[in-house]
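Both counts, for ligands and for their atoms, begin at 1 and track the order of listing.
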Amino acid sequence: MEQLLSAELIRVDSAIIPPPPKDDAQRLDALVRYQIHSLESDGFLNDFTQLAAEVCGAPAAVLSVTKPDRIEHISRAGTGVAETASEDSFISRAILERGRLVVSDALTDPSFKRSASQSGGNGIRFYAGAPLSTPDGFLVGVLSVMDDKPRQLSEAQSRSLGSLAQAIMSRLELRRKTLELDQAMSEREKAFESLNASEERCAMLLRGASDGLWEWDLETNEMHFCVGWKAMLGLGASDLNHTPDEWFKRVHPDDIERVQSEIMSHLLGLTPQFQSEHRVRRQDGSYRWMLSRGLAVMDSNRHVYRMTGSLTDVTDQKQAEKKLLHNAFHDALTGLPNRVLFMERLTHALTKVKEGAGYTFGVLFLDLDRFKVVNDSLGHQIGDQLLIATARRLESCLRPGDIVARLGGDEFAIILEHVKHVTDAVQAAERIRERLASPFNLSGHEVFISASIGIALNQTASEQPDELLRNADTAMYRAKDQGRGCFELFDKGMHVRNAALSQLETGLRRALAHDEFRVHYQPIISLETWRISGFEALVRWEHPEHGYVSPLKFIPVAEETGLIIQLGEWVLREACQQLRLWQEQFPSDPPLSMSVNLSGKQLSQPDLIDRISQILSETGIEASTLKIEITESAIIENIDDAAMTLRRIKALGIRLSLDDFGTGYSSLSYLHRFPIDTLKIDRSFVSRINLPKNTEIVKTILALAGNLGMDVVAEGVETREQILQLTGMNCEYVQGYLLSKPIDGRAMRELISEIYHKGLGQQQAGAA
Ligand code: C2E
Ligand code: MG
Ligand code: MG
């Protein structure tokens, strides 16, 4: 508001807008062309304003137009959010910004925070505006939504708001056309009287107007249609008789009664003009939407003897309006209802529950499993095709009245009507699972997909729509935890877990931003040489309040939220840098090595190999001195991708360890499929190695590894007895608290230095 260039200001109550820019003359011309000065609220504009509020989930919406000397709010929906002055300052600001403005929270927005805090944060907190612009780019108004609470405008909502503003604009366009035609008609009207031949009249009327005109002599019941009128219906100049029936018989049967009653109303003086939108059949049999308008002409005795009018083809306009309205509520890719429409239907369903009569329903939340993998590996086009094909299959699972929507990405949601019992919803989920199970054939690719499904049943009438959807979403996440293609029913306990999870997630994000992670190192000792052969890098979270948090607690959350990608890369870089230093300070043959844990999520990271090579070249360590540890479960999660990625890691010269070996799966059967160098026997076998069963297992693992040419590391060695037993079995490497707990880099440096100079034998002897 600093630049007040001229004295000619536009006032909006308390707010002042600076004078319009240089193209002001053209802008004013646009306002005149659209006759904005005489624009008044009507049902259509009110509907669209109302829709804007609904679409954006905002309590208030306002449609404002820039009249030449002021801004006028011509339509308003919802409750008044705040006092007018604050509302106006947002709207005039939006107009300054050429109509586009989103303020998520006025209290933190540089332009509004002062006035917002003056009002104690009680005024408008959220504002979003979309411009009403003429096709040649002049702003004639703005469609605004507001809230007294801060909030975000989703991308879909922003698009819908824009579409609604466009729909209003196309209405103004139509209005402009009809106003122009009106004017043309009244000018011609005067000349009309003196002309005789009706075709000549039409020719006259037609000059300057692209629409078709008609004239109806009510005394003789003759009706004349001009060439343009006929042309619009695909008729030649000499076609048609001079009877009104030529028109009426072409009007769509569903519309004809209405058209005739609209004519009658005007002839009886009940309406100031005849105006009717209806379908008219063209010569080729197709129907077009026409706007027909007319005026009765009276003689000096106020006796109506004639009617003249026009016909305008508004089909494109109608279709555009319909399309815009459709777009606001549908997903462009799949054509399914979008989130906005889904939420509306959900609200409606809850209203029906409140009305009683025993109506109940269920909500399913679906998320495709591994969609990202398909998208990344086969490309976005196939990804899109898969979403469309999935949408069609989901539709085919529904019963009448159910609705399926695409909420975004690979997320879909379904409302199941009349779900009386859990089993109904479970059956629906099973039906969906079966339908999705058969492969999709997409441009020659055979693609398999499954979905994780969360089910929430509406339980009380007091539930909120977003609460219900969130419950289904929560259950879906729980289903995801079970593996692919599972479904899960929501129960309240899930929320407790969820709250803790999201707290942890926030904490992890902050920790990454604030450098709260550390890497600790645990030595891996060779029982042959009694020297440190390498280290395992283990991440630690030094929480500012809770102290060290165990990776067992936060790694799963980091995996679930995708943060593991960033965290894992950080650990790898940190560990490689450290290794480089130690290799320089403590040269040995073979050189010291570093083992870094890699999560299953990282294995499906598309640029993993590039990232690893980057770190290798950045830190300058030999690839052969880096070991990547991967657990069996990470491989099993995604066997085919894992095999490929592991081979590519291996191709870099990096060695691979299979971590926690022996836990969980029937591991031996697939071992040969992966290029593994080292097996790490899980602590659970080592800690009770004295039990005969475990002794056997460890012996078998050692024999197997020997056959396959793999090394073995025994994890979790805590006692000297265990060492003795392992030595007796020819196990070469050990790692465990007995030798050293994981410690930070500085402490580890001291330990290496000591062992390097004195040897571990003396160390051990000292410790024992
Ligand atoms: P892991 O890879 O099997 O690491 C060995 C775990 O056993 C470490 O637990 C280590 O402190 C512990 N340990 C070692 N010796 C003994 C012993 O003698 N007795 C006992 N009771 N425990 C011993 P930590 O550091 O809590 O890590 C737990 C798991 O978290 C790791 O198991 C690994 O799966 C994961 N993890 C740790 N750091 C990372 C990381 O940077 N990335 C990924 N993806 N996972 C990590
Ligand atoms: Mg490990
Ligand atoms: Mg382990």
Side-chain angles (χ1 to χ4, degrees), residues 508 511-512 516-525 534-542 547-579 593-605 608 611-612 615 626-635 637 642 645 649 655-664 676-689 711-723 726 733-745 747-748 767:
L508 281 176
L512 268 168
E516 289 169 15
F517 290 107
R518 312 277 171 261
V519 181
H520 281 192
Y521 302 92
Q522 188 176 32
I524 297 168
I525 310 289
F535 314 90
E536 175 168 7
L538 294 156
V539 67
R540 298 288 178 262
W541 177 10
E542 203 179 318
Y548 280 120
V549 182
S550 163
L552 295 174
K553 199 163 161 197
F554 67 82
I555 294 278
V557 181
E559 285 178 337
E560 200 166 308
T561 55
L563 284 167
I564 192 70
I565 302 287
Q566 214 184 326
L567 179 60
E569 190 177 331
W570 178 83
V571 172
L572 183 62
R573 179 173 286 111
E574 192 78 9
C576 288
Q577 275 165 356
Q578 183 63 82
L579 179 65
S593 66
M594 182 66 76
S595 300
V596 179
N597 295 285
L598 204 75
S599 118
K601 280 273 149 51
Q602 286 172 280
L603 277 188
S604 20
Q605 181 189 347
L608 177 71
R611 295 306 185 132
I612 296 179
I615 291 174
L626 176 63
K627 283 189 180 184
I628 296 283
E629 289 194 4
I630 188 99
T631 59
E632 294 179 86
S633 50
I635 295 182
E637 244 172 55
T645 312
I649 293 178
R655 287 183 290 162
L656 294 170
S657 299
L658 197 55
D659 207 351
D660 305 347
F661 187 73
T663 57
I676 305 289
D677 302 279
T678 307
L679 295 183
K680 296 190 77 170
I681 305 181
D682 191 68
R683 194 175 77 224
S684 51
F685 302 108
V686 176
S687 63
R688 277 176 289 166
I689 199 168
D711 285 337
V712 176
V713 178
E715 289 189 280
V717 175
E718 291 179 349
T719 66
R720 290 163 54 90
E721 287 68 38
Q722 288 163 359
I723 293 259
L726 287 163
Y733 299 99
V734 289
Q735 178 184 348
Y737 288 176
L738 176 70
L739 305 145
S740 166
K741 286 198 162 181
I743 49 181
D744 67 19
M748 182 54 77

- Task: Taking all non-hydrogen atoms of both residues into account, name the closest pair between Glu629 and Ser595 and its distance.
- Result: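 Distance-wise, the nearest heavy atoms are OE2-CB, 3.3 Å.
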
- Do you know the tightest heavy-atom contact between Pro742 and Tyr737?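 Closest approach of Pro742 to Tyr737: CD-CE2, 3.9 Å.
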
- Message: Would Glu715 count as a contact residue for ligand 1, given that I'm defining contact as a non-hydrogen atom of the residue lying under 4.0 Å from a ligand atom?
- Response: yes

- Query: Would you say Glu629 reaches the Mg ion (ligand 2) with an N/O/S atom under 2.8 Å?
  - Reply: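 Coordinating: yes.
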
- Task: Measure from the Mg ion (ligand 2) to each N, O or S atom of Thr631 and report whether any distance is below 2.8 Å.
- Result: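 No, Thr631 does not qualify, because none of its backbone or side-chain N, O or S atoms lies under 2.8 Å.
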
How does [X] reach ligand 1, by side chain, by backbone, by both or by neither, if only non-hydrogen atoms under 4.0 Å count?
X: Asn597; value: both
X: Ser599; value: both
X: Leu538; value: both

- Go through ligand 1 atom by atom and flag the ones less than 4.0 Å from a non-hydrogen atom of Leu552.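 Selected atoms, number and element: 28 (C), 29 (C).
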
- Task: List every atom of ligand 1 that sits less than 4.0 Å from any heavy atom of Glu718, numbering the atoms from 1 in the order shown and giving each element.
- Result: 17 (C), 18 (O), 19 (N), 20 (C), 21 (N)

- Item | Contacts of Ile565 that satisfy side-chain contact (heavy atoms from CB on, under 4.5 Å) - sequence neighbours left out |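 Ile565 satisfies side-chain contact (heavy atoms from CB on, under 4.5 Å) with Gln602, Gln605 only.
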
- Item | Qualifying residues under salt bridge (Lys or Arg N to Asp or Glu O under 4.0 Å), relative to Asp711, sequence neighbours excluded | none

